[in-house]
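Take a look at the structure set out below.
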Number of protein chains: 2
Amino acid sequence: MRGKLQRKVADPLDDDLLADFKVGVDNVIFSVDTEQNRLLVLLVMRHEDPYMGYWSLPGTLVRQGESLEDAAYRVLSEKIRVHNLYLEQLYTFGGPSRDPREAKDAYGVRYLSVSHFALVRFAEAELIADGVSGIAWYPLNRVPRLAFDHNEILNYGYQRLRNKLEYSPIAFDVLPETFTLGDLYQLYVTVLGEDFSDYSNFRARLLKLGFLEDTGVKTSRGAGRPASLYRFDAAAFEPCKDKPMVFI
Amino acid sequence: MRGKLQRKVADPLDDDLLADFKVGVDNVIFSVDTEQNRLLVLLVMRHEDPYMGYWSLPGTLVRQGESLEDAAYRVLSEKIRVHNLYLEQLYTFGGPSRDPREAKDAYGVRYLSVSHFALVRFAEAELIADGVSGIAWYPLNRVPRLAFDHNEILNYGYQRLRNKLEYSPIAFDVLPETFTLGDLYQLYVTVLGEDFSDYSNFRARLLKLGFLEDTGVKTSRGAGRPASLYRFDAAAFEPCKDKPMVFI
DNA sequence: TTGCTTAATGGTCATTTTAACTATAATTGT
DNA sequence: ACAATTATAGTTAAAATGACCATTAAGCAA
């Protein structure tokens, strides 16, 4: 009986039906330019077919012995030198014929993309230009038609960004180490839209939560009363970790 | 220059590094026994190596020309005959050596699992027993050591269940077509724990939201005043779709 | 200097929501 | 008839929300 069951595993009739996959990792890497209040996404120019000459999300195929997350970190570190970084898995796009290479391939190899979502601090992120061309921060509202199904992936990532911004402290992974409450507010406005909350109420609310530490340092950027620089106090946030934290 | 770039694609040195994958789909299928107030997960007994004799999440390998979602639906329909069904992608587990078959394989084929999260109505779900043995609803707190990394996947699914229960109307995908407010409350209690809310306040809150339609029919289950049967009014819920809906 | 503009900060206050209770109604079982 | 049980329907103090207003401290131009 044992032999019979084991034979089932190796049954070539079953096995021939199965698809063989190459697995890619594509990263939706967001950042925010606090100076210009712009939400940015990192794109790279493709120099290879398919989709040569198109912009795309930075991605790579997963190597032997490499975890998905490792692959995601590898792409990222090939494109950016960065100190602080937030990264999590986003979604897996795997319908057949999402990659034209499938058609060419005699074996019918499928291409699957395990997309990831990343946040970096704009000021601390140094782009690594390999050659002259082909890597840039794009304002989200000016992103062109991308390679593959990358527009769809980007959209999914943007949704995740909006959700996480409301329910978790990822804002502090995008902002510099110290920031004004105005910076924080502007970040929420540029991502969520004008009318998500009154500035004054937003301030009161966040200060009450108790994990924003006033450094005492004041900034003066042009006209107006100078603002205090704040720092995110991760230790003080711990207790709030599981509580709902809705800013909207 | 074009030739040089294209050569890069076909470069065998690059290609040899890449891992070849078989892609599996594993489903975390939850249901709730309203009678006994138990949260259930569907498990199947493995009759093949590896992990022969272990319980596991129902899964399959993705076939040629089949989308991930299709594969997920296929496993499900092989195990259950069900009328109503909620299904969404959960997470992709893809570290190397999560499947012992990788070691045996000369080519170093990797096994990756795109897990899915599903909800079915207990009363309407008819298990399909292929052969005598090997498919059962397990109360979540009595799940044994599962095959592969399926305990981890199950945990991830349970987290998702708890989150979705707070922020979206998935409760009505698990409950029968009509249900009492007590049933609804018990569901929340069994999944989220005793102390998430007072019953009276829970009632008031949900009725105020306006998408629970009183059918007028009364049920009498043993002692006590008979309860009204309610129905989820999907049309009335539409406007609430994007609003936060926290019951906690 | 003086006055105007700008932005940060620190409130007020009516309304709504929450959370902890209490009271009443309609059944079953003795 | 009466207790036990469960559904339903309040009440009420405390907290949170949202729309405002007032003050402070800077830059800038006459």
Side-chain angles (χ1 to χ4, degrees), chain A residues 34-37 166-167 175-176 178-190 192-231 239-240 242-248, chain B residues 34-37 166-167 175-176 178-190 192-231 239-240 242-248:
Chain A
T34 323
E35 312 280 304
Q36 305 201 48
N37 291 324
E166 288 177 32
Y167 298 115
L175 290 175
T178 65
F179 49 86
T180 70
L181 292 178
D183 291 337
L184 185 58
Y185 181 68
Q186 280 306 319
L187 168 61
Y188 275 84
V189 167
T190 54
L192 297 177
E194 281 295 341
D195 48 338
F196 87 100
S197 172
D198 177 73
Y199 178 47
S200 204
N201 294 329
F202 177 83
R203 278 176 51 87
R205 183 177 216 146
L206 266 95
L207 289 177
K208 193 176 183 189
L209 288 172
F211 50 73
L212 291 185
E213 184 196 350
D214 192 339
T215 62
V217 183
K218 306 280 177 186
T219 50
S220 190
R221 303 206 268 252
R225 179 174 173 174
S228 252
L229 285 175
Y230 285 82
R231 166 182 293 118
C240 314
D242 297 314
K243 293 176 196 164
M245 178 165 129
V246 188
F247 297 133
I248 210 164
Chain B
T34 323
E35 313 279 305
Q36 305 201 47
N37 290 325
E166 288 177 32
Y167 297 117
L175 290 175
T178 64
F179 49 86
T180 70
L181 291 178
D183 291 336
L184 185 59
Y185 181 67
Q186 280 305 321
L187 168 61
Y188 275 84
V189 167
T190 54
L192 297 178
E194 281 295 341
D195 48 336
F196 86 101
S197 171
D198 178 72
Y199 177 48
S200 204
N201 294 328
F202 177 82
R203 279 176 51 86
R205 184 177 214 144
L206 265 93
L207 289 177
K208 192 176 182 189
L209 288 173
F211 51 72
L212 290 185
E213 184 195 351
D214 191 339
T215 62
V217 183
K218 304 282 176 186
T219 51
S220 190
R221 303 206 269 253
R225 178 174 172 174
S228 252
L229 285 174
Y230 285 81
R231 166 183 293 119
C240 314
D242 297 315
K243 292 176 197 163
M245 177 164 129
V246 188
F247 298 132
I248 211 163

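As a basis for the values below, the full set of heavy atoms in this structure was taken, side chains included, without hydrogen atoms, waters or symmetry mates. A, B, ... follow the sequence lines: proteins, then strands. Residue 1 opens every chain.
For A:D198, the listed nucleotide lying nearest its side chain is D:dC20; candidates were D:dG27, D:dT8, D:dC20. The A:A223 side chain lies nearest to D:dG27 when the options are D:dA7, D:dG27, D:dT5. Between C:dT9, C:dT28, D:dT8, one nucleotide has an atom nearer to the side chain of B:A227 than all others, and that is D:dT8.
Residue A:R205 is in sugar-phosphate contact alone, with no base atom involved, counting any heavy-atom pair closer than 4.0 Å across all strands shown. Residue A:K208 is in sugar-phosphate contact alone, with no base atom involved, counting any heavy-atom pair closer than 4.0 Å across all strands shown. Nucleic acid contact class of A:S200 (heavy atoms, under 4.0 Å, all strands): base.
Place A:P226 and A:N201 on DNA chain C by their nearest nucleotides, and A:P226 ends up nearer the 5' end.
Shown here for B:L181 and B:F202, the closest heavy-atom pair between the two residues is O-CE2, 4.4 Å.
Ring geometry for B:Y188 against B:F196 counts as parallel: the plane angle stays under 30°, on a 0 to 90° scale with 60° as the upper cut.
Across the protein-nucleic acid pair, A:L207 atom CG and D:dA16 atom P stand 15 Å apart, rounded to whole Å. Rounded to whole angstrom, the span from the CG atom of A:D195 across to the C1' atom of D:dA19 amounts to 14 Å. The NZ-P distance, from A:K218 to D:dT24, rounds to 14 Å in whole Å. Atom CG of A:L181 and atom P of C:dT9 are 6 Å apart (whole Å). Straight-line distance from the CZ atom of B:R221 to the P atom of C:dG29: 15 Å, rounded to whole Å. A straight line from OH of B:Y199 to P of C:dT24 spans 19 Å, rounded to a whole angstrom. Between A:F179 atom CZ and C:dA7 atom C1' the separation is 18 Å, expressed in whole Å. Rounded to whole Å, the distance from CZ on B:R225 to P on D:dT6 is 14 Å.
B:Y185 places no side-chain N or O within donor-acceptor distance of the main-chain N or O of B:T180, the cut-off being under 3.5 Å. At distances below 3.5 Å, at least one donor-acceptor pair connects side-chain atoms of A:T215 with backbone N or O atoms of A:L229. A:T178 contributes no side-chain N or O that, together with a main-chain N or O of A:R231, makes up a donor-acceptor pair within less than 3.5 Å.
Under 4.0 angstrom from either OP1 or OP2 of D:dA9 there lies at least one side-chain N or O belonging to B:R203.
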